[in-house]
Amino acid sequence: MAGSEPFGIAPATPVYWHLDRFPARAAADAARGAHSTVVRAHGRDWLFTLADSAWHPNGGERVARIGPLPVVPGRRYSAHYLEGVVPAAGRTPVHQHAGPEAWLVLEGAQCLETPDGVSVVRSGESLIVGEGVPMLLVGVPPGIRRTLGLVLHDESRPWTIPAPDWTPKERCPR
């Protein structure tokens, strides 16, 4: 599962990513809000919604509310959603985004290295990385890492951008 949905112009009020799990796609479809996307990921039906902190669907199980997302009010964004399955020590290319990236680790652990240091995010935890931050993501041994991800990017730019001007110090566990 990966895909993009237009979000539109970011409001001046804080925006959160709401992740709700549903027993069936039809129930998730019935609970959609203005900025909701129904996806099938990791064998489950999900409703991903970008809204204020108080938003809640009719039905489903709230799994996480992540935010506030650091967006620029008045900028037009698109949401790119990801289902991550990465083996232990699997790694992304060094990259950055034209907007914040957020993720929820469902299983295993993920290490994030940026010029500011290293963070390890474990099952049930989330993290947000701001716009333009060069990063390397590494699956932490011993198991597989499963995540749900969001890149809320400037609509006029690609959702992921190489970051060749930064070299990681390789500080994530292997």
Side-chain angles (χ1 to χ4, degrees), residues 1-84 92 95-110 112 114 116-117 119-135 137 145-161:
M1 179 270 330
S4 293
E5 292 281 333
F7 173 71
I9 297 173
T13 56
V15 175
Y16 290 77
W17 181 28
H18 302 268
L19 296 89
D20 296 282
R21 191 169 38 217
F22 282 79
R25 182 177 184 95
D29 280 329
R32 290 179 65 138
H35 296 289
S36 295
T37 302
V38 177
V39 299
R40 177 97 177 145
H42 300 293
R44 304 264 180 136
D45 293 303
W46 297 85
L47 182 65
F48 295 162
T49 304
L50 296 167
D52 63 36
S53 65
W55 187 88
H56 207 288
N58 184 12
E61 173 192 357
R62 172 61 43 96
V63 174
R65 182 189 75 185
I66 301 171
L69 301 170
V71 295
V72 177
R75 181 183 287 172
R76 187 173 293 279
Y77 286 93
S78 206
H80 189 86
Y81 295 107
L82 301 159
E83 172 186 34
T92 66
H95 66 286
Q96 61 191 342
H97 301 290
E101 178 177 15
W103 62 84
L104 174 67
V105 177
L106 298 173
E107 180 183 334
Q110 174 172 284
L112 165 73
T114 69
D116 292 333
S119 298
V120 175
V121 184
R122 301 190 186 290
S123 181
E125 298 176 340
S126 63
L127 193 64
I128 299 171
V129 179
E131 177 178 353
V133 175
M135 68 182 88
L137 297 169
R145 168 186 62 93
R146 295 182 198 283
T147 59
L148 296 172
L150 160 69
V151 178
L152 189 58
H153 64 95
D154 181 324
E155 182 179 85
S156 68
R157 300 183 64 203
W159 74 271
T160 190
I161 304 164

| message | Tell me whether S123 contacts the main-chain N or O of G108 through its side chain, where contact means a donor paired with an acceptor under 3.5 Å. | response | no
| request: With R146 as reference, evaluate E107, E83, Q110 under the side-chain contact (heavy atoms from CB on, under 4.5 Å) test and give the passing residue. | output: E107
| task | Taking all non-hydrogen atoms of both residues into account, name the closest pair between R122 and A109 and its distance. | result | NH1-CB, 3.6 Å
| query | CG of L47 to CD of E61: how many Å apart, nearest 0.5 Å? | reply | 13.0 Å
| message | Between M135 and H95, is the side-chain contact (heavy atoms from CB on, under 4.5 Å) condition met? List the steps. | response | CA-CA 6 Å; M135 68 182 88; H95 66 286; 3.6 Å; yes
| task | Taking the side chain as every heavy atom from C-beta outward, state whether R62 and H18 have any pair of such atoms under 4.5 Å apart. | result | yes
| message | With ring-ring contact (aromatic ring centres under 6.0 Å, His included) as the test, pick out the partner of F48 among F22, W103, W17. | response | W17
| request: Indicate the atoms forming the closest heavy-atom contact of R157 with A98, along with that distance. | output: NH1-CB, 3.5 Å
| field | Nearest non-hydrogen partners of P23 and D45, listed with the distance | value | O-OD2, 4.2 Å
| field | Test side-chain contact (heavy atoms from CB on, under 4.5 Å) applied to H42 and L148, step by step | value | CA-CA 9 Å; H42 300 293; L148 296 172; 3.7 Å; yes
| Tell me, do W46 and V63 make a side-chain contact under 4.5 Å, heavy atoms counted? | yes
| remark: Minimal heavy-atom distance between P100 and L69, with the atoms involved, is CG-CB, 4.2 Å
| task | Could you tell me whether the side chain of E125 and the main chain of V105 form a donor-acceptor pair under 3.5 Å? | result | no
| field | Pairwise side-chain contact, E101 with L137, heavy-atom cut-off 4.5 Å (strictly under) | value | yes
| field | Between CD1 on residue I128 and CG on residue L112, distance to nearest 0.5 Å | value | 12.0 Å
| task | Check step by step if side-chain contact (heavy atoms from CB on, under 4.5 Å) holds for I66 and L19. | result | CA-CA 8 Å; I66 301 171; L19 296 89; 3.8 Å; yes
| Looking only at atom types and distance, does a side-chain atom of D52 sit under 3.5 Å from a main-chain N or O of W55, one as donor and one as acceptor? | yes
| request: List the steps and the verdict of side-chain hydrogen bond (donor to acceptor under 3.5 Å, both in side chains) for D116 and T114. | output: CA-CA 5 Å; D116 292 333; T114 69; 4.6 Å; no
| remark: Rounded to the nearest 0.5 angstrom, the CG-CH2 distance for L82 and W159 is 4.5 Å
| Side-chain touch Y16/P68, heavy atoms, less than 4.5 angstrom | yes
| query | How many angstroms lie between atom NE2 of H80 and atom NE2 of H97, to the nearest 0.5 angstrom? | reply | 9.0 Å
| query | So does R75 pair up with E131, basic N to acidic O under 4.0 Å? | reply | yes
| query | What are the two closest non-hydrogen atoms of V71 and A10, and how far apart are they? | reply | CG2-CB, 3.9 Å
| Looking at OG1 of T147 and CG of L127, how far apart are the two atoms once the value is rounded to the nearest 0.5 Å? | 12.0 Å
| task | Could you tell me the separation between the CG atom of D20 and the CZ atom of R65, rounded to the nearest 0.5 Å? | result | 11.5 Å
